[in-house]
Q: 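Sharing a structure, written as structure tokens. Questions coming.
Residue numbers start from 1 in every chain, and the chains themselves are labelled A, B, ... in the order their sequence lines are given, proteins ahead of strands.
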There are 2 protein chains.
Amino acid sequence: MTSTKKIEENTGQTPAGKKAYHHGDLRAALIEATRQLVEEKGPDSFSVSEACRRAGVSTAAPYKHFKDKTEMLSAAVLEGMVRLRGNMQAALEGIPEGSPERVTAIGMEYVAFALNEPGIFRLKFGGFTDRIADPRLEEGGQQSFGILLSEVAKCMGESEVTEDVRKRSFLMWSFVHGLSFILRDHGLADKGKEFELHSLLEDVSERMLR
Amino acid sequence: MTSTKKIEENTGQTPAGKKAYHHGDLRAALIEATRQLVEEKGPDSFSVSEACRRAGVSTAAPYKHFKDKTEMLSAAVLEGMVRLRGNMQAALEGIPEGSPERVTAIGMEYVAFALNEPGIFRLKFGGFTDRIADPRLEEGGQQSFGILLSEVAKCMGESEVTEDVRKRSFLMWSFVHGLSFILRDHGLADKGKEFELHSLLEDVSERMLR
DNA sequence: AACATATGTTAGAGATGCTAACTTGATGAG
DNA sequence: CTCATCAAGTTAGCATCTCTAACATATGTT
């Protein structure tokens, strides 16, 4: 997790000592630096300059790839959301269709993401929304919610997404969303262990699906 | 709501034209300016300088009253939390003891606060926690949760706060917390009306208290 | 080879957070 | 009443940050 891999990536082509003028893939390197810094220092103390230092370029370089600071953060968040969806899909593998356990698993991944990548999570959901308003982000969110919707429908034996399915999904999403924030803010130890996380989610799933 | 009242407050004492060197109550004026700006521009674009401009003082003045920017924001949040608790207490007036409606009412106030004072709400709960770590804030939070705990206990006919009471309260808090964020981010119209807010909270209270 | 383009760089303007050193006015002791 | 003191302002200025403009260097197309 949070691999601090080297960011400079001049492909082996270039002679050793000579620093190449062009970076190779600066855009990706900057996104990775952004991700790291957002996790290390927190989203609100993130600075473009520091990302530049970490990527080994001048402070003006990013503006060839991103409109401004916000767009840089946005790009990092976007990648994070891809990871989140991937994690959810992976978690569903092997759990039988229509089992409430699938709903629980989605929730577990959501919370896990919030705890593993708190910086990115906060950027996406903590209300930077006014500044980070990329339509692709909104779309991605709908997509994640779609996964939940279809699982809930199957659990309830519905062939389509009824109003009731939609409502219950919304309730569960709210719950898991809030839980993620609270666990992140007050520390996992505080409450998360107090009542075991998985059983907590099962409890809620059961209450909501009934 | 969000009264944009005048911030300069030299008490009538001072002759009209002459701007008094001392402000009267700059500390309070700065907190109010901070609150306003946080709501207008959002917490992350808040700047001390702008608050100074609004309060009509030099940019160095705040540092006689606050250690730094964070402490200024912190003070504004602290006042907000006092308002929130006040709202909750007021909402309980007139609702019979032990009624589940009391629990619902608490939730309603929580969500209402998030929608009416989104900036402050986000500062408190959106994860600025690493920076804003005033012990009085933590204490205040516990106090609010305490209100919920005792109401839930009464609803369940328990004379004391059992482990079960604690767990259910925690679940409901998580839910309302998440709901607040989602409604705030995606706009009230989107979902809040779709399933009427009050009935949504009643639904959850009922599911959780059962 | 020559040009166009993409992607770097340096220089610098304008805003911000915060500190240092100075000023002003309110207050209480003699 | 006077004066010394202290709290609460001010101006000046440093370090840092975002972002732009103008210039430089690779890359690749013809």
Q: Check the pair A/R136, A/E139 against salt bridge (Lys or Arg N to Asp or Glu O under 4.0 Å), reporting the backbone distance first and the verdict last.
A: CA-CA 5 Å; A/R136 286 171 302 174; A/E139 188 191 349; over 6 Å; no
Q: Drop me the distance from B/L73's CG to B/K124's NZ, to the nearest 0.5 angstrom.
A: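 Atom-to-atom, B/L73:CG and B/K124:NZ are 14.0 Å apart.
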Q: Is the distance between the ring centroids of B/F121 and B/F181 under 6.0 Å?
A: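 B/F181 vs B/F121: aromatic centres under 6.0 Å.
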Q: What integer distance in Å separates B/L26:CG from C/dT24:P?
A: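 Distance, rounded to whole Å: 19 Å.
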Q: Classify every nucleotide of nucleotides 15-21 of chain C by which part a protein heavy atom approaches to under 4.0 Å, writing B for the base, S for the sugar-phosphate alone and - for neither, in 5'-to-3' order.
A: -SSBB--
Q: For B/F125 together with B/Y110, are the ring centres under 6.0 Å from each other?
A: yes
Q: Measuring to OP1 and OP2 of C/dA6, would you say a side-chain N or O of A/H65 lies under 4.0 angstrom away?
A: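 The answer is no; no side-chain N or O of A/H65 sits under 4.0 Å from OP1 or OP2.
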Q: Starting at CZ of B/F66 and ending at C1' of D/dG9, how long is that distance when rounded to a whole Å?
A: 15 Å
Q: So A/L179 and A/L201, side chain to side chain contact (heavy atoms under 4.5 Å, CB included) or not? Walk me through it.
A: CA-CA 10 Å; A/L179 181 63; A/L201 286 173; 4.2 Å; yes
